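None of these values were measured; they are calculated from a predicted model. First the proteins, then the strands, lettered A, B, ... as listed; each starts at 1.
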Number of protein chains: 2
Amino acid sequence: MRIGELARKTDVPPRMLRYYEEQGLVTPRRLDNGYREYDEYLVDRVRKIRGLLDAGIPTRIIGAILPCLGQTSAIVVDDPDPGLRAMLVEQRDKMIERIAFLEQNRDALTRYIDAMDRAAATGD
Amino acid sequence: MRIGELARKTDVPPRMLRYYEEQGLVTPRRLDNGYREYDEYLVDRVRKIRGLLDAGIPTRIIGAILPCLGQTSAIVVDDPDPGLRAMLVEQRDKMIERIAFLEQNRDALTRYIDAMDRAAATGD
DNA sequence: CTTGACCTTCACATGGGTGTGATAGTTGGA
DNA sequence: TCCAACTATCACACCCATGTGAAGGTCAAG
């Protein structure tokens with residue numbers, strides 16, 4: 001598919017899709033036109049990129065971990081890079097921290113909302 | 001405590017503490033010097049701010065939800081603002097999404113790391 | 001053949017979070 | 001008293017993700 005269709009499917013503007021390419025996160029083929037041609041599986045990848053960006057992870061890190069997030073995990077391990085492993089563990093641990101933190105705040109918000117509702121039901 | 005001590009305790013540079021004040025997230029008292037004086041409870045608050053920023057939440061939103069994240073939740077509900085409730089629900093739902101997303105990627109990283117380790121144990 | 005909806009590249013701007021440095025006032029100890 | 005370590009404000013600059021617009025190529029439908 002071309003850039004416009006991918007933009008619609010992922011709700012990511014073409015400008016950003018080109019930017020992700022510039023950052024090495026997606027590498028679409030080119031038609032004879034020069035038009036970018038995206039394979040279907042890139043829809044998922046772009047959504048993943050957006051999620052990671054929204055979670056505050058910079059493109060540099062995304063580019064590093066993205067190859068390791070594929071559903072086809074069994075295929076990929078052929079380069080026993082110890083630095084890579086350390087980096088992955090570090091990023092995973094950061095995610096774990098973020099998750100715990102967000103859970104705390106989710107619960108706090110829930111408690112507050114419930115308190116509001118109770119107050120409204122009682123005092124109203 | 002003064003700004004330097006708070007900076008050490010929270011691992012947030014003074015520059016940023018001043019910035020958070022400018023954004024209305026913390027409001028330290030002032031000594032006769034003009035020096036900022038921070039109460040102890042602000043240590044927790046600053047850590048919370050950092051966590052939210054790291055999770056990709058902008059200061060504007062942080063300022064809006066921060067008063068609702070306190071451990072003393074029971075005290076605060078006196079203004080039955082329906083817009084506030086909607087905003088809180090929206091932010092909480094975003095957090096829930098982020099959590100689910102991060103959990104997925106945490107698991108994917110874990111699987112990949114495990115696969116690396118298995119490959120290293122076998123092929124080595 | 002022209003029009004309109006796409007696409008290309010390039011460039012400049014903006015906003016938010018952060019770093020850094022200049023200049024100056026305060027404070028406490030050698 | 002003077003120095004070192006704070007603090008203050010202000011300003012400029014940076015990075016990164018994003019918006020926007022110009023100038024132009026491609027293509028399908030009328």
**Fill in**
Going by chain and number, the hydrophobic cluster around B/Leu31 (ILVMFWY, side chain to side chain under 4.5 Å) further includes B/Tyr35
**Asked** Taking 4.0 angstrom as the limit, do A/Lys9 and A/Glu40 come out as a salt bridge?
**Response** yes
**Prompt:** Are A/Arg18 and A/Glu22 within salt-bridge range, i.e. N to O under 4.0 Å?
**Reply:** no
Using a cutoff of under 3.5 Å, can you pull out all pairs of nitrogen or oxygen atoms linking the protein to nucleotides 26-30 of chain D, with atom names and distances?
residue : atom : partner : partner atom : Å
D/dT26  : O4'  : A/Tyr35 : OH           : 3.3
D/dC27  : OP1  : A/Asn33 : OD1          : 2.6

When the distance from [atom1] of [X] to [atom2] of [N] is rounded to whole Å, what number comes out?
X: B/Leu31; N: D/dC6; atom1: CG; atom2: C1'; value: 12 Å
X: A/Met1; N: C/dC7; atom1: CE; atom2: P; value: 12 Å
X: A/Glu37; N: C/dC6; atom1: CD; atom2: P; value: 16 Å
X: A/Tyr38; N: C/dC7; atom1: OH; atom2: C1'; value: 11 Å
X: B/Arg8; N: D/dT7; atom1: CZ; atom2: C1'; value: 13 Å
X: B/Ile49; N: C/dG17; atom1: CD1; atom2: C1'; value: 13 Å
X: B/Leu52; N: C/dG16; atom1: CG; atom2: P; value: 17 Å
X: A/Arg50; N: D/dA17; atom1: CZ; atom2: P; value: 10 Å

**Asked** Would you find more than 12 non-hydrogen atoms of other residues, nucleotides or ligands less than 6.0 Å from B/Arg30 atom CZ?
**Response** yes
**Request:** Under 4.0 Å between any heavy atoms, over every strand shown, what does B/Arg60 touch: base, sugar-phosphate, or nothing? Just pick one.
**Result:** nothing
**Message:** Counting only heavy atoms and a strict 4.0 angstrom limit, can you tell me which residues of residues 13-25 of chain A come near DNA chain D?
**Reply:** A/Pro13, A/Arg15, A/Met16, A/Tyr19, A/Tyr20
**Request:** Under the side chain to side chain contact (heavy atoms under 4.5 Å, CB included) rule, what do B/Thr10 and B/Arg50 come out as? Steps first, then yes or no, please.
**Result:** CA-CA 9 Å; B/Thr10 59; B/Arg50 275 260 39 103; over 6 Å; no
**Request:** State, with a plain yes or no, whether a side-chain heavy atom of B/Tyr20 is found less than 4.5 Å away from one of B/Val12.
**Result:** yes
**side-chain N/O A/Arg30 vs C/dT9 OP1/OP2, d < 4.0 Å** = yes
**Asked** Can you tell me if the side-chain N/O atoms of A/Thr59 get under 4.0 Å from OP1 or OP2 in D/dC16?
**Response** no
**Asked** Run the side chain to side chain contact (heavy atoms under 4.5 Å, CB included) check on B/Arg29 and B/Arg36 step by step: do they pass?
**Response** CA-CA 6 Å; B/Arg29 289 175 289 112; B/Arg36 290 168 179 82; over 6 Å; no
**Asked** Would A/Leu52 and B/Ile96 show up in the same hydrophobic cluster when neighbours are defined by side-chain heavy atoms closer than 4.5 Å?
**Response** no
**Asked** If you find the nucleotide of DNA chain C closest to B/Ile57 and the one closest to A/Arg36, which residue's nucleotide is nearer the 5' end?
**Response** A/Arg36
**Message:** Go through it in stages, so that I can follow the logic: the residues are A/Gln104 and B/Leu69, the test is side chain to side chain contact (heavy atoms under 4.5 Å, CB included), and I'd like the CA-CA distance, side-chain angles, deciding distance and then a yes or no.
**Reply:** CA-CA 9 Å; A/Gln104 269 183 241; B/Leu69 295 177; over 6 Å; no
